J.: 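A single structure is presented below for examination.
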Protein chains: 2
Amino acid sequence: METKEISQAVIGRLPRYLRYLGDLKDEGVERISSQELSERMNVTASQIRQDFNNFGGFGQQGYGYNVAYLYDEISKILGLDHKYHFVIIGAGNLGKALGNYLNFERRGFIFEGIFDKNPDLVGQDVRGVKVMAIEELEHFLKENPVEIAVLTIPKTSAVDLVNVLVDNGIQAIWNFAHVDLDVPEGILVENVHLSDSLMKLSYNINRRKAEKES
Amino acid sequence: METKEISQAVIGRLPRYLRYLGDLKDEGVERISSQELSERMNVTASQIRQDFNNFGGFGQQGYGYNVAYLYDEISKILGLDHKYHFVIIGAGNLGKALGNYLNFERRGFIFEGIFDKNPDLVGQDVRGVKVMAIEELEHFLKENPVEIAVLTIPKTSAVDLVNVLVDNGIQAIWNFAHVDLDVPEGILVENVHLSDSLMKLSYNINRRKAEKES
DNA sequence: ATCACTTTGTTAAAGGTTTGTCAAGTCATA
DNA sequence: TATGACTTGACAAACCTTTAACAAAGTGAT
C-alpha cells in the first residue's frame, strides 16, 4: 500500500546497476561499498545510496552492500522475476534481430510469435518460430497469452495496428516505429526511436567541432 | 563565440519537434503557435517556447512560428545539414537492419562499409555494400574518411575494438553493445541499450499490476 | 569489551528543469 | 488609423534531481 512513486530517472538507472552488479558477481566480489561502486560506474556515491534507498535500504553501515542480494532485489524491482510473453510485428532485419536475441529469454521475456504482411517472409524461421501472416495475428493473440507487442514496422502500419493489439489483450508496446502511438489509458508504450538517438549524436559531433573552431 | 551550453534535456527533445514539424510541412501547414503545437505534442506551450528560445527566438509575437523556417533551423542545430560517413561493425541482423535503413541516408548519414569476423557473412550484400572481414577494417578506415562507427557486436569484442577505431580517426561511436565503452577524451559515445529499455517496460508493467491489486 | 575505522541512511543545500504569468510586439479588421 | 485578439520572449515561481554532510550503526583488530 506504500506507493511513494519512484521517479523514472531512478528507474532508468537500475538496469545499469544490475549490469555492474552482474559483472561483480561474475568476478566473485561478495560485497561493495557505494564509494567503490561509484568509482567503477562514474557516478557519485551519494546518488547510489539515494537510489537504493528509494526501495528501503539494502545495505549495512560499516559493511556496504551484499552484491548477490542487491542484484536479486533490483531484479525483483524491475520485475525480472516474472515471465512475459511477446510477439514481434514486422519480420524485417530488426524484427529478426530482436527475435534472435537470446538475452531477452534469460531475463524472462519469451518470444512467442512473429508476424509480417509480406508473403515472401511468411514461413521463414526465426529461432525456431515461423513467421506468420499478419492476418493470423488477431487469432493468435486470442489463443495465446501475450502481454507485450514489439513493433518493428513502418509508422503508418504501426498506428493502424494499435487497436487490434489492445483489443486482444496486449498490455505493453515496445515501439520501434518512428511515431508517437496513441494508446488507451493503461496501455504502456516504451519507445525506441533510433533516428532520434542518431540525431543526438550528430548534434554533439557538430557542437564539438564548433567548440574546437572557436 | 557565444556558447551558452544547451542542456541535453533540450537536445533530446529536438528530434521529436523535428518529426512533428515535418508532419506539419507535409500537411501544408505554414505557421503554428506554441499553444497549438503543445496540444498536438502533449507538452506545455511554455516548454516549447523555452526550448526554442535557447537558440534565440524563431518566432514572432502575434504570429507564432513559421513551420518551414523552424524545421530548417532545428535541422541545422542538430547538424543535419552536414554529411556523416559511417561503418557498421557486426553484420548480424541488427547490423543489417541499420545498414538497410534508408532514412539515415536522407538525414545525411552515409553508409560506407560493414564488417564482420564471421567468414560466412563476408561477401554478403547489404544495400549494395559487401560485408568485409574485420581484418580489413583498419585499412579501410585509413583509406576512407569515416566519422562514425556503429557497433552491433557482443560486448567483449566491442571493448577490444575501441582502440582500433579511435586510432584510425573515428570520432563518434553509436554503441549497441551492452557495455559502457571507455573511450579517450573527445570521442563521443551514444548508447542504445535495448535490454535497458525492455527492463524499464517490465518495471512499469509490474508497477501497474501492483497498483491495480492494491 | 573496547576503540578506531568504515559506511550507510537521512537530511539539507545546491543545482537544474519545467511551468505559470505578463509586458510588449504583431496581426486582422473596421 | 485605432482597436482587440493573439502570441512570443522573458522572468519568476514551483518543482524535481543531484550532491554534500553527518549522525548513527556496524565492523574488525586487539
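On a predicted model such as this, the values are computed, not experimentally measured, just so you know. Letters go in sequence order (proteins before strands), and every chain restarts at 1. Values reported hereafter were calculated over all heavy atoms of this structure, with side chains retained and with hydrogens, waters and symmetry mates removed.
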J.: For the pair made of CD in A:Q47 and P in D:dA21, what is the distance, rounded to whole Å?
T.: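 So the CD-P distance, A:Q47 to D:dA21, works out to 17 Å.
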J.: Kindly indicate, with the supporting measurements, whether the criterion salt bridge (Lys or Arg N to Asp or Glu O under 4.0 Å) is fulfilled by A:K83 and A:E105.
T.: CA-CA 9 Å; A:K83 293 251 178 292; A:E105 208 89 358; over 6 Å; no
J.: Hey, does B:Y65 reach any base, or is it just sugar-phosphate, or nothing, if we go heavy atoms under 4.0 Å?
T.: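 Since only primed, P, OP1 and OP2 atoms lie under 4.0 Å of B:Y65, the category is sugar-phosphate.
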J.: Could you check how far CG of B:N54 sits from C1' of D:dA10, rounded to whole Å?
T.: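 Answer to the nearest Å: 12 Å.
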J.: Measure the spacing between CD1 of A:I88 and CZ of A:F176 and express it to the nearest 0.5 Å.
T.: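 Spacing of CD1 (A:I88) from CZ (A:F176) equals 9.0 Å.
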J.: If we ignore angles and hydrogens, is there a donor and acceptor under 3.5 Å between the side chains of B:D196 and B:H178?
T.: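 A pair is found: one side chain offers a donor N or O, the other an acceptor, under 3.5 Å apart.
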J.: Rounded to whole Å, how long is the line connecting atom CD1 of B:I32 with atom P of D:dT7?
T.: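 It is 10 Å, rounded to the nearest whole Å.
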J.: Within the 4.5 Å heavy-atom criterion, are A:Q171 and A:I148 side-chain neighbours or not?
T.: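 No, side chains not in contact.
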J.: A:N53 CG to D:dT17 P: how many Å, rounded?
T.: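 Whole-Å distance recorded here is 16 Å.
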J.: In whole Å, what is the span from the CD1 atom of A:I48 to the P atom of D:dA20?
T.: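 Taking CD1 of A:I48 and P of D:dA20, I get 13 Å after rounding.
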J.: Of all nucleotides in DNA chain C with an atom under 4.0 Å from a non-hydrogen atom of chain B, which is the first and which the last going 5' to 3'?
T.: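 So the outermost contacting nucleotides come out as C:dT17 to C:dA28.
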J.: Which comes earlier along DNA chain D counting from the 5' end, the contact point of B:F52 or that of A:Y63, where each point is its nearest nucleotide?
T.: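 First, find each residue's nearest nucleotide; the 5'-ward one identifies B:F52.
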J.: Which of these nucleotides, D:dT18, D:dA21, D:dA10, is closest to any side-chain atom of A:R13?
T.: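 Among D:dT18, D:dA21, D:dA10, the one nearest the side chain of A:R13 is D:dT18.
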J.: Hey, is the main chain of A:G79 close enough, under 3.5 Å, to the side chain of A:Y84 for a donor-acceptor pair?
T.: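 Pair found, side chain donor or acceptor close to backbone of A:G79.
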J.: What are the residues of residues 35-44 of chain B, sorted by number, that bring a heavy atom to within less than 4.0 Å of DNA chain C?
T.: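 Nucleic-acid contacts, sorted: B:T44.
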J.: Hey, do the aromatic rings of B:F52 and B:Y17 have their centres closer than 6.0 Å?
T.: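 B:F52 vs B:Y17: aromatic centres under 6.0 Å.
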J.: Can you confirm whether the side chains of B:N66 and B:Y71 place a donor and an acceptor under 3.5 Å from each other?
T.: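 B:Y71 and B:N66 do not have a side-chain donor-acceptor pair below 3.5 Å.
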J.: Test side chain to side chain donor-acceptor pair (under 3.5 Å) on B:Q8 and A:N204; report intermediate values, then the result.
T.: CA-CA 10 Å; B:Q8 289 292 315; A:N204 284 310; 3.2 Å; yes
J.: Not counting sequence neighbours, list each pair that qualifies as a side chain to side chain donor-acceptor pair (under 3.5 Å) and has a residue in residues 23-33 of chain A.
T.: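 Those involving residues 23-33 of chain A are A:E27-A:R40.
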J.: Can you tell me how far P of D:dT17 sits from CD1 of A:I11, to the nearest Å?
T.: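 Atom CD1 in A:I11 sits about 11 Å away from atom P in D:dT17.
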J.: Reading DNA chain D from 5' onward, which residue's closest nucleotide shows up sooner: A:A9 or A:R49?
T.: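 Looking at the nearest nucleotide for each, A:A9 comes out on the 5' side.
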J.: Roughly how many Å is it from CZ in B:F58 to C1' in D:dT8, rounded to a whole number?
T.: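 Whole-Å distance recorded here is 14 Å.
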J.: Should the side chain of A:Q50 and the base of D:dT19 be counted as holding a donor-acceptor pair, with the cut-off at 3.5 Å?
T.: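 Counting by modelled atom types and ignoring angles, a donor-acceptor contact under 3.5 Å is found here.
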